[in-house]
2 protein chains.
Amino acid sequence: MPALSPIQPFGRLMAMSTAGERGTRERILEVAEDFLGERGYDGTRLHLIAQRVGIQKASLFHYFPSKEELYRAVVADSLGETEHIVRRVLEADLNPFDKVRQLLEAYVDIVAAHPQRTKILLRQSLGDVPSGYEPHVDSHRLLDAVVAFVTEYQRRHVFASIDALALVLGVIGMVAFLFTSAPVLGTAWDGDPLGARGVERVKRHVVEVVQRCLAVEAQPYATAAVRAVGGGD
Amino acid sequence: MPALSPIQPFGRLMAMSTAGERGTRERILEVAEDFLGERGYDGTRLHLIAQRVGIQKASLFHYFPSKEELYRAVVADSLGETEHIVRRVLEADLNPFDKVRQLLEAYVDIVAAHPQRTKILLRQSLGDVPSGYEPHVDSHRLLDAVVAFVTEYQRRHVFASIDALALVLGVIGMVAFLFTSAPVLGTAWDGDPLGARGVERVKRHVVEVVQRCLAVEAQPYATAAVRAVGGGD
DNA sequence: GTCTATATAGGGATAGAC
DNA sequence: GTCTATCCCTATATAGAC
């Protein structure tokens, strides 16, 4: 039988059994990710995971010692891929505004491709984790890297001096909420936000917002603009 | 756990029992709001609510027929106050940019004053509701009203023609995430985001972001807005 | 209206055969 | 590695005394 490493950075890609079939363990992770995103940790029922995978509930415990360990495995998996992709863009050789664009587009793509993961991370920030679970330091590292990138170009006056940490955190929340809320709140949203057109729409919007926020020289427009147009009715 | 807000919105004021003392029912709602925000619907334990209120678990069922009904009562309460405040600003007689500012400041204040409510609403958008629960139409109405306000001034070319629905939804997500994530993710965030300074920081940031987004002629790389100001009228 | 005691269900986890 | 059967606990909810 194949060696199943307990921790798998991008495990799903390579942890195939020698028999060539797709690992049951990987299938469990997929299904669990779905349920954890959709229903949260407390709302996730192991027997439903087993049912969808097509095994008995007890068999789950052959692969994961507990519900909490299953949760940790799912989270580690999710974070790993996101970090990998974001870092690659971050380290690319691009001019800063293009890098911002690519960073955002890549991020939106990830979120759109794995909405359940995003929900899990959102839930984490809400404190929806197994009791006694401490949030990952990994995500901090990634966050810090992005903030550092922004700050560096602010120092050089290429980006406007907007609150960098707030901007980055805000964008994460913005993207996450756009995708998760649209099915519920967005009656006016045209079509499925996770569909091709929806993703493009989110992408376009987020890029525009952030580029406006980072554009230098665009500060005192607020009241000025409205007066210029003669607004205020 | 932090003390709960002394402010009593709407229903809680009048739903006194004939016994005449300060409503136990209201106290239950307060505590339940706390737990529902902090732990989610599935994660909320009735016996803990009872414990904190200082009654027996069974007594809860004297006031609410079920956990789900308790949840509905909490949500109705929360939504009511938010809608009331936002609408008041929305209908005020202000120039559009000032209205945007006040709208945002009021919203941030509400969220900061009742972080648990925000979490509950965020959780709703994640689908974290009692099974068989259908999301509120009320919030749609409010959302539509805000979007209509933005759209109207876009039509008049006072606001830039950015995706209005995405902007509004995005801001909601942004604010919510800033408050909920900072305790978890924001190691670099200076102090408690829900403290006075944290709230001001969020407020300042959100106002800046949105005003940049709505400013006409402030395309990335462009300096049109600055020229407009510099040139005077 | 609040309590004690209990009913009932369901969930996570284990034992052990195959 | 997967199954059946079951343990054990906790959670919602009810019954009924005071």
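Any value given below was found using the heavy atoms of this structure, including those in side chains, with hydrogens, waters and symmetry copies removed. Order of the sequence lines fixes the chain letters, A, B, ..., with proteins taken first and strands second; residue numbering starts at 1 for each chain.
- Picking from dG12(C), dT12(D), dC3(C) the nucleotide with the shortest atom distance to the side chain of Q56(B) gives dC3(C).
- Interface remark: the K57(A) side chain does form a donor-acceptor pair with the dG12(C) base, using a distance-only criterion of under 3.5 Å.
- Residues satisfying the ring pair (Phe, Tyr, Trp, His ring centres under 6.0 Å) criterion with F61(A), sequence neighbours excluded, are absent altogether.
- Residue S59(B) places its side chain closer to dC3(C) than to any other of dA13(D), dG1(D), dC3(C).
- Y41(B) places its OH atom 14 Å from the P atom of dA11(D), with the value rounded to the nearest Å.
- Using a cut-off of 4.0 Å between Lys/Arg side-chain N and Asp/Glu carboxylate O, R197(A) and E200(A) are scored as not salt-bridged.
- Regarding contacts with the backbone of dG12(C), every side-chain N or O of T44(A) stays at 4.0 angstrom or more from both OP1 and OP2.
- When distances run from any side-chain atom of A58(B) to the nucleotides dT2(C), dA15(D), dG1(D), the shortest one goes to dA15(D).
- Checking E38(A), Q124(A), H114(A) one by one against K119(A), the side chain to side chain donor-acceptor pair (under 3.5 Å) holds for a single residue, E38(A).
- By the side-chain hydrogen bond (donor to acceptor under 3.5 Å, both in side chains) test, D163(A) pairs with R201(B), sequence neighbours left out.
- The heavy-atom pair separating A145(A) from L90(A) by the smallest distance is CB-CD2, 3.7 Å.
- Distance CZ (R45(A)) to C1' (dG10(C)): 8 Å, rounded to an integer number of Å.
- In this structure, CG of L46(A) is placed 20 Å from P of dC8(D), rounded to the nearest angstrom.
- In this structure, the CD atom of Q51(B) is 13 Å from the P atom of dT12(D), given to the nearest Å.
- When the local axes at the two ends of the helix from dG1(C)-dC18(D) to dC18(C)-dG1(D) are compared, using 5 base pairs at each end, they differ in direction by 0° after rounding to 10°.
- Rounded to whole Å, the distance from CZ on F61(A) to P on dG12(C) is 7 Å.
- Atom CD in E68(A) sits about 9 Å away from atom P in dA13(C), given to the nearest Å.
- OP1 or OP2 of dT2(C) has not a single side-chain nitrogen or oxygen of H62(B) nearer than 4.0 Å.
- What separates NZ of K67(B) from P of dT10(D) is a distance of 16 Å, to the nearest Å.
- Look at H47(B) and you won't find any side-chain N or O under 4.0 angstrom from OP1 or OP2 of dT10(D).
- In this structure, R123(B) places its CZ atom where more than 12 heavy-atom neighbours from other residues, nucleotides or ligands lie under 6.0 Å away.
- You'll find the ring centres of Y133(B) and Y41(B) outside the 6.0 Å limit.
- As rounded to whole Å, 13 Å separates atom P of dG12(C) from atom CZ of R39(A).
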